[in-house]
There are 2 protein chains.
Amino acid sequence: MSQVGAGGRPAGPTGPEGAAVRPRRADARRNHQRLLEVAAAVFAERGEGASLDEIAKRAGVGSGTLYRHFPTRQALLEAAYVDRIEALAARADEIAGRLPPGEALTEWMRELGLGTIRIRGLRALLGAAAAQGGSFADTVCGSTLRDAARRLAEAAWREGTLRPDVDAQDLLRLAHGLATASGLAEDGEQYVGRYVDLLMEGLRPRGRAARG
Amino acid sequence: MSQVGAGGRPAGPTGPEGAAVRPRRADARRNHQRLLEVAAAVFAERGEGASLDEIAKRAGVGSGTLYRHFPTRQALLEAAYVDRIEALAARADEIAGRLPPGEALTEWMRELGLGTIRIRGLRALLGAAAAQGGSFADTVCGSTLRDAARRLAEAAWREGTLRPDVDAQDLLRLAHGLATASGLAEDGEQYVGRYVDLLMEGLRPRGRAARG
DNA sequence: ACCTGAACACCGTTCAAGT
DNA sequence: ACCTGAACACCGTTCAAGT
């Protein structure tokens, strides 16, 4: 099934997931890199619906080249924001090392929501990560965030501060929803924290009040 | 300031808001009506982003005619769904007559979320209604829903089952957010009720547990 | 092996010409 | 007073031709 390594080439350098990264032509590598940088900038400026043609033009490549490297808008978005997503996932563990599980989960949800609002273009990605069974369910970003959410959820279950019927997928979906809700307000950032706090109160097992 | 009645014409028939409805040419009235019917059908088929050109074509009118009657997509969406929105607002009072305020609010939030998911094209409208200060803040749909939400919220405040710092605008935003969250799942309708229940638990004043 | 950019299909919006 | 539809600008996507 695997196409990796086909052709009898000696094993080359491998990427973060262990997939073989075959050496590209120098111009291809340059274009790839340039497209990523430009895409991140343009998405930030114009939002996740930015014109792909503009990205190609600004990167100085033909539109066909963009499609060759990133066959879908989603693929480009993901590639442009992997590092942000991974940073968000890494935050989960930092926070977990600092706070008790319930509070850590709440804090991470806040940061997730804030990131979704602040970084234009990230919302579509988090939405895809939060969707299940869809065509993007198995993207790198999706599994990275889901794993982070799962680690926090499991700790909170053990601690007894998260309802056992609420799972990582629910948390990602709800974070996306609350970020969307906050984004409806003029200054959305002010609302995320509040909405997350309200929700998390409801996610505690019945009868267990907040300590605050 | 008011342009209504300008020109010295005798007062004609008035619409629901008291604005003068001047008699239109017969073809204009026909086109208006036909556009509304076709728009509702096409939005239901293709979603809120449906091609306006397709709507015009199916209605048998030139594209310019559509723009004459409905200068923006939002205006067309709103006109096509006013009755649904008003039905949702009316439900608020029906429910309030049947259940204690806290439960009524929860039930209405469930129905609002479900409607948002079920009726394609409604989401953009509820989003606009939930947004504040935006260009659509004063649409008919917006104020209708906000008034309904406000009535439920005030009753729940008096009863002491809704935090006093959560207002009607918050409720609309959160309903929209939870509908969005649910819509990320394969079968979104199954999640709305659950997500609403979880949230509403968090919207109770501190220390007040559910009676369930 | 990779890139280019013309070509195609589609969409929203405007507006001169019609009745 | 209202309608029509061509015209324009824009976008995504494909693919024959190049190097």
Side-chain angles (χ1 to χ4, degrees), chain A residues 3-9 12-13 20-39 42-43 45-80 121 124 135-136, chain B residues 3 6-9 12-13 20-39 42-43 45-80 121 124 135-136:
Chain A
Q3 306 153 307
V4 172
R9 271 197 313 103
V21 174
R22 40 178 198 184
R24 295 167 181 271
R25 243 167 57 174
D27 54 350
R29 265 195 62 76
R30 254 198 325 269
N31 285 338
H32 189 91
Q33 189 54 33
R34 181 112 185 83
L35 277 168
L36 281 185
E37 288 160 12
V38 171
V42 175
F43 283 137
E45 266 179 50
R46 315 258 195 206
E48 65 202 26
S51 159
L52 298 182
D53 201 52
E54 183 183 345
I55 293 176
K57 280 226 172 66
R58 276 219 231 170
V61 304
S63 49
T65 300
L66 189 155
Y67 282 92
R68 159 172 287 267
H69 285 280
F70 308 102
T72 64
R73 175 184 296 272
Q74 196 70 20
L76 180 56
L77 266 171
E78 178 153 10
S135 35
F136 307 121
Chain B
Q3 306 153 306
R9 269 198 315 103
V21 174
R22 41 179 194 181
R24 295 166 181 271
R25 244 168 55 174
D27 54 349
R29 264 195 61 77
R30 255 199 323 269
N31 284 339
H32 189 93
Q33 189 55 31
R34 181 114 183 80
L35 277 168
L36 282 186
E37 290 160 11
V38 171
V42 176
F43 283 137
E45 268 179 50
R46 315 257 194 206
E48 65 201 28
S51 159
L52 297 182
D53 201 53
E54 183 182 346
I55 294 176
K57 281 226 173 68
R58 276 219 232 172
V61 305
S63 50
T65 300
L66 189 155
Y67 282 91
R68 159 171 287 266
H69 286 279
F70 308 101
T72 64
R73 175 184 297 273
Q74 195 71 20
L76 181 56
L77 266 172
E78 179 153 8
S135 36
F136 308 120

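Letters go in sequence order (proteins before strands), and every chain restarts at 1. Quick note: numbers below take in every heavy atom, side chains included, and nothing from hydrogens, waters or symmetry partners. Every value quoted in this text rests on a predicted model; they were computed, and no experiment measured them.
Rounded to an integer number of Å, the gap from B:Arg25 CZ to D:dC2 C1' is 4 Å. For A:Arg30 and C:dT4, the CZ to P distance is 10 Å, given to the nearest whole Å. Counting to the nearest Å, the P atom of C:dC2 and the CG atom of A:Leu66 are 16 Å from each other. The distance between atom CZ of B:Arg68 and atom P of D:dC2, rounded to the nearest whole Å, is 6 Å. Residue B:Phe70 contributes atom CZ, which lies 15 Å from atom C1' of D:dC3 at whole-angstrom precision. Here D:dC3 presents its P atom at 12 Å from CZ of B:Arg29, a figure rounded to the nearest Å.
Scanning residues 57-64 of chain A for heavy-atom distances under 4.0 Å to DNA chain D yields A:Ser63, A:Gly64.
The distance from the CZ atom of A:Phe43 to the CG atom of A:Leu52 is 6.0 Å, given to the nearest 0.5 Å. One distance of note links NZ of A:Lys57 with CG of A:Leu66; it measures 11.5 Å at 0.5 Å rounding. Atom CG of A:Leu77 sits about 10.5 Å away from atom CZ of A:Phe70, to the nearest 0.5 Å. Rounding to the nearest 0.5 Å places CG of B:Leu35 at 12.5 Å from CZ of B:Arg68. Considering CZ of B:Arg73 and CD of B:Glu78, their distance stands at 14.5 Å, rounded to 0.5 Å.
In DNA chain C, runs of at least 3 consecutive Watson-Crick or G-U pairs, each pair with both distances below 3.5 Å, span C:4-8 with D:12-16, C:12-16 with D:4-8.
Residues passing the salt bridge (charged side-chain N to carboxylate O under 4.0 Å, His left out) test with A:Arg34, sequence neighbours excluded: none. By the salt bridge (charged side-chain N to carboxylate O under 4.0 Å, His left out) test, A:Glu54 is found to be paired with A:Arg46, A:Arg58, residues two or more places apart in sequence or in another chain being considered. Applying the side-chain contact (heavy atoms from CB on, under 4.5 Å) criterion to B:Thr65, with sequence neighbours excluded, gives B:Asn31, B:Val61, B:His69.
Nearest heavy atom pair, residue A:Leu36 against residue A:Ala80, reads CD2-N, 3.8 Å. For the pair A:Gly62 and A:Ala56, the tightest heavy-atom approach, listed with the atom from each and the gap, is O-CB, 4.1 Å. Taking all atoms of both residues into account, the shortest heavy-atom contact from B:Ser63 to B:Asp53 is CB-OD1, 3.9 Å.
Between A:Asn31 and the phosphate of C:dC2, there is no side-chain N or O to OP1/OP2 separation shorter than 4.0 Å. For B:His69, a side-chain nitrogen or oxygen approaches OP1 or OP2 of D:dC3 to under 4.0 Å.
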What protein N or O atoms touch nucleotides 8-12 of chain D N or O atoms at under 3.5 angstrom, if any, and at what distances?
| unit_1 | atom_1 | unit_2 | atom_2 | d |
| --- | --- | --- | --- | --- |
| D:dG12 | OP1 | A:Leu52 | N | 3.3 |
| D:dG12 | OP1 | A:Arg73 | NH2 | 2.6 |
| D:dG12 | OP2 | A:Ser51 | OG | 3.3 |
| D:dG12 | OP2 | A:Leu52 | N | 2.9 |
| D:dG12 | OP2 | A:Asp53 | N | 3.3 |

